[in-house]
Amino acid sequence: MTSSFSKRVKDIIKKIPTGKVATYGQIATYAGNPRASRQVAWILHSSSGKDNLPWHRVINSKGRISLPHNGGYEMQKGLLEEEGILFDKNDRINFDRYLWQIFEE
DNA sequence: CAACTGACGATAG
DNA sequence: CCTATCGCCAGTT
C-alpha cells in the first residue's frame, strides 16, 4: 500500500512551516516525482483529515486554492489568513512572500 | 491485468 | 481571462 512516495509526500506536507504555502508541483518534485502532482492532491483527499496534514497550505501553481467556492474554498482561505497568509485582489497568494522555500528548510 | 479517478501542470488556441 | 487536451502517476475497483 503506502509506497514510499506517498509517505514522503505526507512527511513533506507536515513539514510545511506555519505562514508558508507549497504547491502540488513543489511537493511532488521534492518527493521525487516532479510529475506526480496529482498524487499529492489525491493523498490530501485520502488522508487530510486522518493524519494531521496542514492541507490548507497546499495550493496550485497559480497561487490559488483549487477547491470550489462551496466545497472548502472559504475554509481554506480562512485557515491561511489565520496564519498570516493574505490574498491579493485576485484571490491569489503572493509567492514572493509566502511560498515555502523548500530547499532552504 | 485493464479501466477509472483525481484538491495538478503545461501547452495551445 | 477562458476552455480544451494531453501527460503523468499512485491507488482503487
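Predicted, not measured: the structure shown is a model, and the values here were computed from it. All chains are named by letter (A, B, ...) in the order of the sequence lines, taking the proteins before the strands, and each is independently numbered beginning at 1.
With sequence neighbours left out, the side chain to side chain donor-acceptor pair (under 3.5 Å) criterion links A:N33 to no other residue. Every residue meeting the side-chain contact (heavy atoms from CB on, under 4.5 Å) condition with A:D96, not counting sequence neighbours, appears here in chain and number order: A:N94. Residues that satisfy the side-chain contact (heavy atoms from CB on, under 4.5 Å) test with A:N70, not counting sequence neighbours, are A:P68. Residues satisfying the ring pair (Phe, Tyr, Trp, His ring centres under 6.0 Å) test with A:Y73, not counting sequence neighbours, are A:H69.
For the OP1/OP2 pair of B:dC8 and a distance below 4.0 Å, the side-chain nitrogens and oxygens of A:T23 include no atom meeting the criterion. Using a 4.0 Å cut-off, some side-chain N or O of A:S6 falls inside it from OP1 or OP2 of C:dG11. Proximity of A:H45 to the phosphate of B:dG6: no side-chain N or O atom is located under 4.0 Å from OP1 or OP2.
As a whole-Å value, the separation of A:K89 NZ from C:dC1 C1' is 16 Å. In this structure, the NZ atom of A:K10 is 11 Å from the C1' atom of C:dG11, given to the nearest Å. The distance between atom CZ of A:F5 and atom P of B:dG6, rounded to the nearest whole Å, is 18 Å. Atom CG in A:L53 sits about 16 Å away from atom P in B:dA7, given to the nearest Å. Rounded to an integer number of Å, the gap from CD of A:Q26 to P of B:dG9 is 11 Å. Distance A:W55 CH2 to B:dG6 P: 18 Å, rounded to the nearest Å. Per the geometry, NE2 belonging to A:H69 stands 14 Å off C1' belonging to B:dA7, to the nearest Å. Remark: C1' of C:dC8 and CG of A:N33 are 9 Å apart, rounded to the nearest angstrom.
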Show each protein N/O and nucleotides 11-13 of chain B N/O combination with a separation under 3.5 Å, one pair to a line.
none

Kindly give the atom pairs (protein nitrogen or oxygen, nucleotide nitrogen or oxygen) under 3.5 Å for nucleotides 4-7 of chain C.
residue	atom	partner	partner atom	Å
C:dG7	O6	A:R38	NH1	2.6
C:dG7	N1	A:R38	NH1	3.1

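When each of A:R64 and A:W42 is assigned the nucleotide of DNA chain C bearing its nearest heavy atom, the one mapping closer to the 5' terminus is A:R64.
Distance alone, capped at 3.5 Å, is enough to place a donor-acceptor pair between the A:Q76 side chain and the A:V58 backbone. A:N90 places no side-chain N or O within donor-acceptor distance of the main-chain N or O of A:R92, the cut-off being under 3.5 Å. Using modelled atom types, no side-chain atom of A:Q26 and backbone atom of A:L99 make a donor-acceptor pair closer than 3.5 Å.
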Should A:L53 and A:K10 be marked as a side-chain contact (heavy atoms from CB on, under 4.5 Å) after you check the CA-CA gap, both sets of side-chain angles, and the distance that decides it? CA-CA 7 Å; A:L53 302 181; A:K10 293 181 189 175; 4.2 Å; yes
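Atom CD1 of A:I93 is separated from atom CG of A:N60 by 9.0 Å, given to the nearest 0.5 angstrom.
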